[in-house]
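Just the heavy atoms: all of them, side chains too, but no hydrogens, waters or symmetry mates, feed the values below.
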Amino acid sequence: MGFISSNRNNEQLLSKIATNDGHGENSSYFEGWKAYDSDPYHSTQNPNGVIQMGLAENELCFDLIQEWVQNNPKASICTAEGANEFKEIAISQDYHGLPEFRQGVAKFMGKVRGDRVTFDPDRIVMSGGATGAHETLAFCLADPGDAFLVPTPYIIQDQVSRFDRDLRWRTGTQIVPVVCESSNNFKLTKEALEAAFQKATEAKIRVKGLLITNPSNPLGTVLDRDTLKTLVRFTNDKNIHLVCDEIYAATVFNQPGFISIAEIIEEELYCNRDLIHIVYSLSKDLGFPGFRVGIVYSYNDQVTSCARKMSSFGLVSTQTQHLIGSLLSDDIFTEKFIAESADRLAKRHEIFIKGLAQVGIGSLKSNAGLFFWMDLRRLLKEPTIEAETALWRLIIHEVKLNVSPGSSFHCSDPGWFRVCFANMDMTTRMSPHSPISSPLVRARN
């Protein structure tokens, strides 16, 4: 006699993590991705397909990477030149990471920040991408039910924000939004921080930290020195942690320049460094999301020790470490890459901003990241999330652009959209006969 298990019985047999939708994979946000996957744009084979502008990937400098790999075959253990090191690299499983990897990452982090600060290789803790790094820090800093303050708008991954997923899904922590508004260009203020902290206190929620992204995703802006000092003083006064996501540090392409929290704590005389933690990755700055290289850099010895032990659950392969260590130790290459990447990002950004301006569409002034924050508020039938969603669906299905609506970033002001510009091939997407200009006009109309 056969046995058929119902979904209800199955849910009773499995854990809450297995049966909830905390990851957000089944959310309605996937409508845009499904539209692209089923009808992807191609310059010759499918010129009327959906153009992917919802993916924050950096594909503008892969020619430089490929050239370096071809000129340095010993960096890979899967080449004839590098095969002699195959056994040693293949059997290594130390969760501290290869010394050359940690040294290369520490050197690159300093170089990206203009060599104004240095990083200790012994504090480099690897993780499975920035996702793993954020979750590791959440496990180290907070208990289930505790909360992190996060300024809006903040990064999404599916309809559930990436921070919702990274910080909440498995750790059981909460997010308390710090509401930033378009009236002051989404500037993060002490008043907004105090209001969010007070709201959490009144709800009897214990706040354990403040999490920021600098440069900002989705705004494409950088935090100034005064704001960063305000954040350090605020977290010190409240005795809570400050987690700084700096994964877009090398994507700043115009002034003002990027200022790392590592610089600020050198200037603040009364900063408790045990409360300061940096998340870094090579997914955006170098364009290596598939390598899953995430970094936790904490100034707290106990957090560093715990995070390193926890990294056993999300190690970077030694083959990848070996390649990355060689690549980032090449000063001539990294200096050339950082400069050329900034130049190409600036040019691509300018093409889009000027193109939008020509059809009467504005955006928030930005100088960093792989995206910009497009302002379509005047195209809404009414200033509501429902009207924004309706416009978003029109853009996806009729204009054939997959962009990201502001509501999915918890933006309090409907009508803003994130547009990614660095994940497209220059020759096929941005030529004079590209379909880009036509959708811009149709979006306005």
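Counting heavy atoms from C-beta outward, I324 and F291 have side chains that approach closer than 4.5 Å. Side-chain contact check for W373 versus P153: some heavy-atom pair is nearer than 4.5 Å. Using a 4.5 Å cut-off on side-chain heavy atoms (C-beta onward), I276 and Y297 make no contact. With a 4.5 Å cut-off on side-chain heavy atoms, L60 and R348 count as touching. The side-chain heavy atoms of Y41 and I51, taken from C-beta on, include a pair separated by under 4.5 Å. A 4.5 Å side-chain heavy-atom check between L141 and H277 finds at least one atom pair inside the cut-off. Residues L345 and T251 form a side-chain contact, since some pair of their non-hydrogen atoms from C-beta on lies under 4.5 Å apart. Contact check for N367 versus V222: side-chain heavy atoms found under the 4.5 Å cut-off.
The pair D143-K208 fails the salt-bridge criterion, with no side-chain N (NZ, NE, NH1 or NH2) lying under 4.0 Å from an Asp/Glu carboxylate O. Ionic pairing of E350 and K354 is present here: one or more N-O contacts between side-chain nitrogen and carboxylate oxygen are shorter than 4.0 angstrom. A salt bridge links E267 with R225: the distance from a Lys NZ or Arg NE/NH1/NH2 to an Asp or Glu carboxylate oxygen falls below 4.0 Å. With respect to the salt-bridge test (charged N to carboxylate O, under 4.0 angstrom), the residues E59 and R344 do not qualify. A salt bridge does not link D120 with R102: every distance from a Lys NZ or Arg NE/NH1/NH2 to an Asp or Glu carboxylate oxygen is 4.0 Å or more. Ionic pairing of R233 and E268 is present here: one or more N-O contacts between side-chain nitrogen and carboxylate oxygen are shorter than 4.0 angstrom. Remark: E57 does not engage K284 in a salt bridge, criterion side-chain N to carboxylate O under 4.0 Å.
When all heavy atoms of S283 and P289 are compared, the closest pair comes out as OG-CA, 3.4 Å. Minimum heavy-atom separation, R378 to V359: NH2-O, 4.3 Å. Listed here is the closest heavy atom pair of P73 and E81: CB-OE1, 3.6 Å. Minimum heavy-atom separation, P405 to V403: CD-O, 3.9 Å. The shortest heavy-atom contact between T173 and A142 is CG2-CB, 3.7 Å. The two residues L286 and I65 have their closest heavy-atom pair at CD2-CD1, 4.5 Å.
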- Message: Could you go through E246 and S260, starting from their C-alpha distance and side-chain angles, then the distance that decides it, and tell me whether this counts as side-chain hydrogen bond (donor to acceptor under 3.5 Å, both in side chains)?
- Response: CA-CA 8 Å; E246 298 186 349; S260 172; 3.0 Å; yes
- Any chance you could lay out the side-chain hydrogen bond (donor to acceptor under 3.5 Å, both in side chains) test for Y280 and D245, step after step, and finish with the verdict? CA-CA 6 Å; Y280 190 56; D245 182 321; over 6 Å; no
- Task: In sequence, state the C-alpha distance, the side-chain angles, and the governing distance for R377 and S182, and then conclude on side-chain hydrogen bond (donor to acceptor under 3.5 Å, both in side chains).
- Result: CA-CA 11 Å; R377 287 176 293 175; S182 60; 3.2 Å; yes
- Item | Full working for side-chain hydrogen bond (donor to acceptor under 3.5 Å, both in side chains) between E181 and S412 | CA-CA 7 Å; E181 300 175 333; S412 60; 4.8 Å; no
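Side chain of Q174 to backbone of D146: no donor-acceptor contact under 3.5 angstrom is found. Between the side chain of D330 and the main chain of F333, a donor-acceptor pair closer than 3.5 Å is present. A donor-acceptor contact shorter than 3.5 Å is absent between the side chain of S305 and the backbone of Q302. In this structure, the side chain of T152 does not engage the main chain of Y154 through any donor-acceptor pair within 3.5 Å. A donor-acceptor contact shorter than 3.5 Å links the side chain of T189 to the backbone of A192. Put simply, the side chain of N402 never gets that close to the backbone of Q52: no donor and acceptor are under 3.5 Å apart. A side-chain donor-acceptor contact under 3.5 Å links R418 to the backbone of G54. Listed for the N72 side chain is a donor-acceptor partner under 3.5 Å among the backbone atoms of W68. Remark: side-chain polar atoms of N236 are not paired, donor with acceptor, to backbone N or O of C271 under 3.5 angstrom. When atom types are taken as modelled, the side chain of R116 and the backbone of R113 share a donor-acceptor pair closer than 3.5 angstrom.
Of the N and O atoms on the side chains of T304 and D301, not one donor lies less than 3.5 Å from an acceptor on the other residue. For the residue pair K74 and T79, no side-chain donor N or O sits within less than 3.5 Å of a side-chain acceptor on the partner. Side-chain atoms of T320 and S317 form a donor-acceptor pair, as typed in the model, at a separation below 3.5 Å. Using modelled atom types and a 3.5 Å distance limit, the side chains of D375 and S363 yield no donor-acceptor pair.
For the side chain to side chain contact (heavy atoms under 4.5 Å, CB included) with I264, the lone residue among V232, L231, L223 that qualifies is V232. When each of Y248, F421, F417 is checked for a ring pair (Phe, Tyr, Trp, His ring centres under 6.0 Å) with F371, only Y248 meets the rule. For the ring pair (Phe, Tyr, Trp, His ring centres under 6.0 Å) with W416, the qualifying choice from F186, F409, W392 is F186, the only one to do so. E202 pairs with exactly one of K199, Q198, K204 by the side chain to side chain donor-acceptor pair (under 3.5 Å) rule, that one being Q198.
Cation-pi check for K238 over F197 is met; the charged atom lies under 6.0 angstrom from the ring centroid and within 45 degrees of its normal.
Between F62 and F288, the ring planes lie tilted relative to each other; the angle falls in the 30° to 60° range.
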